[in-house]
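Counting starts at 1 for both ligands and their atoms, following the listed order. Quick note: residue numbers are just sequence positions, from 1. The figures here come from the full heavy-atom set of this structure, side chains too, leaving out hydrogens, waters and symmetry mates.
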Amino acid sequence: MYKNIHAAVVGSINMDLILNMKKVPEIGENVLGTSYGYANGGKGANQASALAQLGAKVKMIGKVADDANGNKLLENLKSKGIDISGVATDGSQTGLAAIILDGDGRNRIIVYEGANAEIDPQQTVKSIEGKTNLLLVQFETAEDVVVNAVNHAIKNNITTVIDCGPAKSFCLEKMQGATILSPNESETKALTGIYPDSDDNILAAAKVLKERSKTKYIVLKLGERGCALYTGEVLKTFSSYKTNVVDTTAAGDCFTAALALEYINSGDIEKACDFGNKAGAFAVSRMGAENSMPTIKDILKI
Ligand code: RIB
């Protein structure tokens with residue numbers, strides 16, 4: 001379905017250590033975990049996997065180390081048909097995320113960036129091939145990596161989708177005129193100072209994001225409330241789909257990838273928002289990050 005899409009994903013590749021517990025500890029408290037496991041993650045790799053699983057041709061651009069985790073993560077991306085020729089392997093240590101998951105599937109994530117913080121911005125731009133028609137970036141790499149990649153894509157008329165995770169301040173003014181900018185609630189607060197907890201606050205935050213970035217579409221991810229689209233003229237919300245919540249990790253990555261694919265495929269941003277909501281609903285119903293990404297068949301069942 002999406003086979004004419006040549007996507008480049010510039011972003012992080014992490015090994016995720018997931019610790020499950022009924023209740024997360026308070027400061028100074030010890031709690032017993034119920035299980036733990038390792039999973040493939042990193043916002044960039046998750047989005048690359050989601051795109052590939054939905055049928056796009058994907059090139060991953062980033063950095064790992066030549067260590068056990070790095071090799072495992074690259075093998076996994078390769079096994080999904082993702083081109084990993086844009087991933088450098090001379091990082092100091094592969095990125096690691098410690099994910100604490102409570103009994104309601106809510107997470108807290110601590111990321112050690114490692115090699116992700118060492119990506120070369122110039123090399124990144126060189127790795128974006130001429131046939132690329134979709135670029136996805138997130139904020140889990142250095143700011144100049146994101147800014148260079150986005151500006152290169154804008155200059156070359158590549159549909160450019162910016163996922164604003166994780167929450168941090170970012171100089172949006174340095175990349176003017178991308179296609180879609182998509183923060184979640186805490187990322188919106190970090191970028192605008194406004195938490196999007198009411199219609200008025202959603203609109204106020206979206207206006208600030210639009211003004212700062214001149215992005216064509218602002219799409220706020222609102223968790224269980226779905227998402228909100230701001231075009232500069234109209235604000236429209238799209239309700240989420242209800243599934244059994246097991247693990248919310250990477251639901252936002254899944255949403256962004258699906259949103260981007262459907263938008264570039266149909267040119268219909270409203271349809272894309274709804275498709276993103278369906279994909280996100282699937283992701284929260286599965287444990288893990290990259291391995292909770294849906295196929296088209298999974299999405300059609302939502
Ligand atoms: O968005 C989820 C991802 O955030 C996890 O896979 C983890 O690696 C962190 O980067």
Legend entry - Between Y263 and Y217, ring centroids under 6.0 Å: yes
Legend entry - Non-hydrogen atom of G165 closer than 4.0 Å to ligand 1: no
Legend entry - Atoms of ligand 1, numbered as shown, that sit under 4.0 Å from any heavy atom of A289: 6 (O)
Inset, instruction - Report the nearest protein non-hydrogen atom to atom 2 (C) of ligand 1: residue, atom name, distance rounded to 0.1 Å. - result: D253 OD2, 3.4 Å
Inset, instruction - Tell me which protein heavy atom sits closest to atom 4 (O) of ligand 1, plus the residue, atom name and distance to 0.1 Å. - result: K43 NZ, 3.2 Å
Inset, instruction - Please determine if D163 and K221 form a salt bridge, counting it only when a charged side-chain N lies under 4.0 Å from a carboxylate O. - result: yes
Legend entry - Hydrophobic cluster (4.5 angstrom, side-chain heavy atoms) - remaining members for I99: I18, L101, I109, V111, V246, M287
Legend entry - Atoms of ligand 1, numbered as shown, that sit under 4.0 Å from any heavy atom of G41: 6 (O), 8 (O)
Legend entry - Contact atoms of ligand 1, heavy-atom distance to G42 under 4.0 Å: 5 (C), 6 (O), 7 (C), 8 (O), 10 (O)
Inset, instruction - Answer yes when K214 and E173 have at least one side-chain N-carboxylate O distance shorter than 4.0 Å, and no when they do not. - result: no
Inset, instruction - Considering the heavy atoms of A97, write down every atom of ligand 1 situated less than 4.0 Å from one of them. - result: 7 (C), 8 (O)
Inset, instruction - Return the residue, atom name and 0.1 Å-rounded distance of the protein heavy atom closest to atom 6 (O) of ligand 1. - result: D16 OD2, 2.6 Å
Legend entry - Identity and distance of the protein heavy atom lying nearest atom 3 (C) of ligand 1: N46 ND2, 3.6 Å
Inset, instruction - Give a yes-or-no answer on whether the side chains of T249 and N107 include a donor-acceptor pair shorter than 3.5 Å. - result: yes
Inset, instruction - Among all protein heavy atoms, pick the one closest to atom 10 (O) of ligand 1 and tell me residue, atom and distance. - result: E140 OE2, 2.7 Å
Inset, instruction - Answer yes if the side chains of N116 and E113 hold a donor-acceptor pair under 3.5 Å, and no otherwise. - result: no
Legend entry - Partners meeting side chain to side chain contact (heavy atoms under 4.5 Å, CB included) with E143 (sequence neighbours left out): V147, F170, C171, K174
